[in-house]
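Read through the structure below, which is laid out as structure tokens, and then see the notes.
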Amino acid sequence: MCRRWYGCQRSIRKIPKLKAISEFKIIDKYLSNIGTSFNKKNKVLKGVGDDASVISLSNNLIVSTDTSLEDVHFPKGIKPEYAAYRACATALSDLAAMGSHPIAFQLSLSTRENDHKFFSSFKKGLNDFSNDYKVGLTGGDLVRGQYQISVTIIGEQHSNILLRNNCSVGDIVFLSGQLGNGLLGMQNFKKFKRKNNVSSAYLKPKALIDYGKTIAEFASSAIDVSDGFLQDLGHLSKASKVGFELSSSSIPFNSNLSLKQCLNCGDDYQLIFTVPKKNIQSLTKKMKKKKFKMFEIGTSIQTKKIILDGKITSINRGYKHF
Ligand code: ADP
Ligand code: MG
């Protein structure tokens, strides 16, 4: 069948919603009570149950959406619990990279499953996420179709907003932690099909929210490593119109993989951030107090290239959808 023809048919044929009775039952039983106890503190005046949610804010709103697709962002056969958790945590990571504070999340779910086993497991993942980050599920959508989880995270400004375009020449580049654990976790999960110490980095990734809020006061720019360290550093370079000079010996990575693999694989959700020299002392003090690690890996330079161990490096390798 011609793909284009198929595509056309799909686009004019509206994907039917789940039958009314099961749709509302699913929302009622599995999606209405996720983290509602956090809503008051987060100034959510209305969560699930009306045409839209209502949130009262006095600060700048920081919002980000991420869609996770079966076979692209999570493998077929993964427990719904982990598909849900992973989709939420990877979406939340963007707020960590902005140095922001999450207050709520919205979920658009497309699936062909409508049995209790699937939704109980999915709910477990949502609840774990909600408890880990103290945010409630405030609304969303549910349709029948290809398995896909789209999560919108709503947050607010904490101190400074960490943008990608604010790094200056001479700023020092830091990484929050080891690269490669996401890839290793995925490989491990594909082999053993269960959660263990290694696969948990992939199944239940951590969004570095407290870390992001801590560096926000001092850093000039930041990005989270979602598509690959070099590719994401390339985004900082392009946005800030600077280059970076790095030394590979200072980049922390999982020694079960090669440095090259770790520089190009995604799914780590570590933060790359830059700090003006004048702020380093106060940042170091604060990070020590909070027991957060940070690894100095290089300097920002005028030449708009990434230079690793003296050689210009291609940044064109990480994950790309198109
Ligand atoms: P509407 O037709 O007005 O868009 P829906 O019937 O789609 O409303 O949804 C009813 C309520 O359930 C809304 O408050 C909506 O936000 C919530 N809801 C629907 N799907 C989800 C979901 N996947 N997760 C959380 N809440 C949901
Ligand atoms: Mg409505």
Side-chain angles (χ1 to χ4, degrees), residues 10-11 13-57 61-74 76 78-95 102-156 203-205 207 209:
R10 295 275 294 187
S11 60
R13 189 186 53 154
K14 206 165 180 273
I15 298 173
K17 278 205 165 192
L18 290 170
K19 269 189 206 153
I21 179 71
S22 39
E23 178 188 345
F24 295 129
K25 253 195 188 151
I26 291 166
I27 293 173
D28 209 34
K29 194 166 158 77
Y30 298 103
L31 301 165
S32 305
N33 289 309
I34 312 288
T36 43
S37 62
F38 304 119
N39 283 350
K40 196 171 171 202
K41 183 188 99 274
N42 290 337
K43 292 169 273 172
V44 174
L45 308 182
K46 183 80 208 170
V48 172
D50 215 306
D51 292 314
S53 45
V54 182
I55 302 173
S56 161
L57 283 181
L61 200 64
I62 317 280
V63 185
S64 174
T65 299
D66 265 314
T67 299
S68 296
L69 280 173
E70 184 175 45
D71 267 349
V72 177
H73 301 92
F74 58 90
K76 265 205 173 79
I78 189 176
K79 259 193 192 175
E81 172 190 342
Y82 300 132
Y85 192 100
R86 193 180 142 68
C88 295
T90 57
L92 183 63
S93 173
D94 284 323
L95 249 69
I103 49 180
F105 68 112
Q106 302 262 137
L107 165 74
S108 175
L109 173 63
S110 168
T111 177
R112 295 189 206 285
E113 312 272 351
N114 63 351
D115 59 277
H116 290 290
K117 194 171 165 229
F118 174 88
F119 279 100
S120 309
S121 173
F122 200 88
K123 181 177 182 174
K124 163 106 177 46
L126 294 177
N127 261 327
D128 286 352
F129 169 77
S130 162
N131 289 325
D132 283 351
Y133 296 97
K134 313 277 178 270
V135 282
L137 176 60
T138 50
D141 201 15
L142 182 62
V143 295
R144 190 183 180 95
Q146 189 195 356
Y147 193 10
Q148 159 174 331
I149 308 163
S150 185
V151 177
T152 297
I153 303 284
I154 300 160
E156 63 184 338
L203 298 174
K204 292 185 86 177
I209 290 295

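Note that ligands are numbered from 1 as they come in the structure, with each ligand's atoms numbered from 1 the same way. Since this is a predicted model, take the numbers as computed values, not measurements.
Between Tyr147 and Phe118, the ring-plane angle classifies as perpendicular under the 30° and 60° cut-offs. Ring orientation note: the planes of Tyr30 and His116 are tilted relative to one another, at an angle of 30° to 60°.
Close approach of ligand 1 to Leu137 (heavy-atom distance below 4.0 Å) involves ligand atoms 24 (N), 25 (C). Of all the atoms in ligand 1, the ones that sit under 4.0 Å from a non-hydrogen atom of Phe24 are 6 (O). Numbered from 1 in the order shown, with element, the atoms of ligand 1 that lie under 4.0 Å from a heavy atom of Gly139 read 16 (O), 24 (N), 25 (C), 26 (N), 27 (C).
Considering both main-chain and side-chain atoms, Val48 never comes within under 3.5 Å of ligand 1 through any nitrogen or oxygen pair. The N/O atoms of Thr138, backbone and side chain alike, include none that comes under 3.5 Å of an N/O atom in ligand 1. Geometrically, ligand 1 and Ser108 share no nitrogen or oxygen pair separated by less than 3.5 Å. Residue Gly47 has no N or O atom closer than 3.5 Å to an N or O atom of ligand 1.
Checked by atom type and distance alone, the side chain of Thr138 never pairs as donor or acceptor with a backbone atom of Gln106 at under 3.5 Å. At distances below 3.5 Å, not a single donor-acceptor pair connects side-chain atoms of Thr152 with backbone N or O atoms of Thr65. A donor-acceptor pair is defined here as one N or O able to donate and one able to accept, closer than 3.5 Å; such a pair exists between the side chain of Asn42 and the backbone of Lys134.
Within the 4.5 Å cutoff, the side chain of Phe38 has no heavy atoms near those of the Val44 side chain. Inter-residue side-chain proximity for Tyr133 and Ile153 is flagged as unmet; no heavy-atom pair is nearer than 4.5 Å.
Across the listed options Ile34, Asp28, Asp50, Asp50 owns the non-hydrogen atom lying nearest to atom 13 (C) of ligand 1. For the residues Leu109, Asp141, Leu142, Ile27, the heavy atom positioned nearest atom 23 (N) of ligand 1 is part of Asp141.
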